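In what follows, a single structure is set out as structure tokens and then discussed.
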Amino acid sequence: MQSLWQNDCLIPEREPLRGTRKVDAAIIGAGLAGILTAYFLKERGLSVIVLERGRIGQGETSGTTAKITAQHRLIYDSLIKQYGMEMAKQYALANIRAISQYKKLIDKLGIDCDFKICPSYVFNRVNTTQLENEAEAAARLGIPSFMTDITELPFRVKGALCFSNQACFHPLKFLKSVAEPLSIYENTRVKTVDNQTVYFDGGRLNAKYVVMATHYPLINTPGYYFMRLHQERSYVQALNNVPLVNGMYVDERQYGLSLRSSGDTLILGGAGHRTGKNPAASNNQPSSYDRLRKVAAKLYHNPQFSFRWSAQDCITSDSVPYIGQYSTSTPHMFVATGFNKWGMTSSMVAATLITDQITGEKNECAPIFSPRRFSVKSLAKNITGDGIPASIGLLSEAFHFPVKELDDLKKGTGGIIEYKDKKVGAYKAEDGKVHLVSTRCPHLGCELQWNPDEKSWDCPCHGSRFDIYGKWLSSPAVTNLPCKTLK
Ligand code: FES
């Protein structure tokens, strides 16, 4: 589904790359992190090529709510407890700097992208304990903030923690301008990376440095990112004919509401879930979009529903992105992933850190983002939090029995069925055709689940996604599913 941003910003198409080329830096992925990294490296005199499997900014940059903020729900109290003051300061400093770096770049290039300085709030409707702890942590780190119970929200809150001087913008208008002078090749699928060679359909790229900015890393080993990341989906409903807000708001609770305005539109987000675990798939719960529309109808008089879209986020066990050297055995390869729900500032942080690391500049904020950082707590959480769902996904491929047959499926719906003594994924289109796909994820073999909100096949283990024809939608898988259509 098209987002508000995609509706009014067309980015000109680029050619695919074919043949063999040599370059200083190969960037894989033309989202915000990849494009900003390419821009800064080029500015420092390196030759750079960006390879993109689909179109520029077509992935998560199109699905974001585009909040540029160092307020990442609640994080600073937890960072101080987990890593200490010094590391927590690095996180705060890098993200605060990211806001001013956006402003500087927008001013320098004269980009018209609806950039606006505004406050950011995290709110709670019943309890302020965690907010107060976060306010205290922010004060210790020197981040200006204050508590209030007065907001622009259409409901009462018990309390809200405000960070002033944050920002928001139109992400695709920004991306379009920054990408304009760069060498970017679209519709160029990277198959693998071997040391300093990037292999793609139709050729290869030899590079001194390789940057993996693909949202979810494509290479399983080394790095083992699939063992320390999972993905979550969230949904957005744009509303018109409702009161707008100047600030940006997010609920303290996981999967709670998020609100900001853009022009005459209110962007209402929420109703998220772990990828491959949409509650509407297995019981009679309303879909995520229905839930958002019901909330909007309760909060506002006569809201008008316009655009709706969804986003996917890579989540780390300690809520801090992995930015830096891909693994100890790949000194020339870098990664930017696990932005949690905060892709705008994290993209700028990643571009700055990786550019500094490649060009040999010291950056005092690097340690907290290092993919090699170690915390006993986060490792334990990783094993219990991310490891178990992956194991269940793998087991379910072997032991989960389908409950439906082809005749049980209504038009416009999908599910796992038994067909000719085999378990397959099936979608019955409105024209009566049935599209059958394998339910075995090509990444590491977990069983795919039907997502009725997006009409897609989603993997609960690491978040790969495929459309009703088995066509690839999201990493870490890199290939399509086998598909057969019954007439
Ligand atoms: Fe890893 Fe599906 S995404 S097994």
Side-chain angles (χ1 to χ4, degrees), residues 3-5 31-33 59-79 91-92 94-96 98-99 102 118 120-124 130-131 134 160-161 163 166-169 171 213 215-216 225 228-237 247-260 262 267-278 288 292 308-323 336-350 368-369 378 381 385-386 453-454 458 462-463 465 474-475:
S3 72
L4 178 67
W5 321 122
L32 199 51
E60 301 322 311
T61 308
S62 292
T64 176
T65 53
K67 297 170 180 166
I68 305 173
T69 176
Q71 184 183 58
H72 295 173
R73 199 170 259 134
L74 302 183
I75 190 162
Y76 293 105
D77 183 45
S78 146
L79 283 183
Y91 188 91
N95 281 286
I96 290 167
I99 302 169
Y102 271 112
C118 57
S120 170
Y121 298 83
V122 56
F123 64 85
N124 191 309
Q130 300 298 326
L131 292 175
E134 185 74 351
L161 176 64
F163 282 18
Q166 311 299 295
C168 58
F169 68 164
H215 177 69
Y216 198 113
Y225 289 94
R228 40 194 175 138
L229 286 172
H230 74 266
Q231 300 206 64
E232 292 185 359
R233 296 200 66 69
S234 52
Y235 298 83
V236 178
Q237 175 69 62
M248 306 180 288
Y249 295 86
V250 67
D251 195 322
E252 181 195 310
R253 294 166 309 150
Q254 189 187 30
Y255 307 140
L257 291 180
S258 141
L259 299 94
R260 68 157 279 206
S262 176
I267 300 169
L268 178 70
H273 57 80
R274 185 175 171 126
T275 304
K277 297 276 177 193
N278 189 333
S288 296
L292 278 179
R308 65 178 193 175
W309 68 93
S310 64
Q312 180 143 307
D313 294 291
C314 273
I315 311 293
T316 62
S317 52
D318 60 1
S319 303
V320 180
Y322 297 123
I323 300 168
T337 188
F339 293 172
N340 298 285
K341 310 266 178 183
W342 309 103
M344 301 298 97
T345 41
S346 298
S347 290
M348 183 60 90
V349 169
I368 183 67
F369 298 98
S378 70
K381 192 176 162 200
D386 290 350
D453 275 297
E454 296 300 323
D458 298 357
H462 316 108
R465 298 179 61 240
S474 300
S475 310

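What's counted below: heavy atoms across the whole structure, side chains too, no hydrogens, waters or symmetry copies. Everything numeric here is computed off the predicted structure, so don't read it as measured data.
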### Task
Run the numbers on Gln71 and Met248 for side-chain contact (heavy atoms from CB on, under 4.5 Å), then give the verdict.
CA-CA 10 Å; Gln71 184 183 58; Met248 306 180 288; over 6 Å; no

Exercise: identify the closest heavy-atom pair between [X] and [Y]:
X: Leu131; Y: Phe123; result: CD1-C, 4.3 Å
X: Thr69; Y: Gln166; result: OG1-OE1, 3.0 Å
X: Tyr121; Y: Gly247; result: CE1-CA, 4.4 Å
X: Ser346; Y: Asn95; result: N-OD1, 4.3 Å
X: Lys341; Y: Asp313; result: CD-OD2, 3.4 Å
X: Thr61; Y: Leu32; result: OG1-N, 3.1 Å

Rounded to the nearest 0.5 Å, what's the gap from [atom1] on [X] to [atom2] on [Y]? Could you check?
X: Leu259; Y: Leu268; atom1: CG; atom2: CG; value: 5.0 Å
X: Trp5; Y: Thr65; atom1: CH2; atom2: OG1; value: 7.5 Å
X: Ser234; Y: Trp309; atom1: OG; atom2: CH2; value: 10.5 Å
X: Leu79; Y: Leu74; atom1: CG; atom2: CG; value: 11.0 Å
X: His230; Y: Ser317; atom1: NE2; atom2: OG; value: 9.5 Å
X: Leu4; Y: Ile267; atom1: CG; atom2: CD1; value: 5.5 Å

What I'd like to find out is whether the side chain of [X] reaches to under 4.5 Å of the side chain of [Y], using heavy atoms alone.
X: Cys168; Y: Cys118; result: yes
X: Thr316; Y: Leu229; result: yes
X: His462; Y: Tyr225; result: no

Between [X] (side chain only) and [Y] (backbone N and O only), is there a donor and an acceptor less than 3.5 Å apart?
X: Gln312; Y: Thr275; answer: no
X: Glu134; Y: Asp77; answer: yes
X: Thr337; Y: His215; answer: yes

## Note on the structure
Result for side chain to side chain donor-acceptor pair (under 3.5 Å) between Asn124 and one of Gln130, Arg253, Glu252 points to Glu252

### Query
For the residue pair Tyr91 and Tyr76, does the interplanar ring angle fall in the parallel (under 30°), tilted (30 to 60°) or perpendicular (over 60°) class?
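Perpendicular: the ring planes of Tyr91 and Tyr76 meet at over 60°.
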
### Query
In terms of the angle between their ring planes, are Phe169 and Tyr102 parallel, tilted or perpendicular, with boundaries placed at 30° and 60°?
perpendicular

### Query
Could you go step by step and tell me if Tyr235 and His273 meet the ring pair (Phe, Tyr, Trp, His ring centres under 6.0 Å) rule?
CA-CA 9 Å; Tyr235 298 83; His273 57 80; 5.5 Å; yes

### Task
Assess whether side-chain contact (heavy atoms from CB on, under 4.5 Å) is satisfied between Phe339 and Glu60, documenting all intermediate values.
CA-CA 11 Å; Phe339 293 172; Glu60 301 322 311; over 6 Å; no

Any donor-acceptor pair under 3.5 Å linking the side-chain atoms of [Y] with those of [X]?
X: Lys67; Y: Ser258; answer: yes
X: His72; Y: Thr345; answer: yes
X: Asp453; Y: Asn278; answer: yes

### Task
Given side-chain contact (heavy atoms from CB on, under 4.5 Å), test Arg465 with Arg233 step by step and report yes or no.
CA-CA 11 Å; Arg465 298 179 61 240; Arg233 296 200 66 69; 3.2 Å; yes

### Message
Please evaluate residues Trp342 and Arg73 with respect to the criterion side-chain contact (heavy atoms from CB on, under 4.5 Å), reporting the C-alpha separation (whole Å), side-chain torsions for both, the decisive distance (0.1 Å), and the verdict.
### Response
CA-CA 9 Å; Trp342 309 103; Arg73 199 170 259 134; 4.1 Å; yes

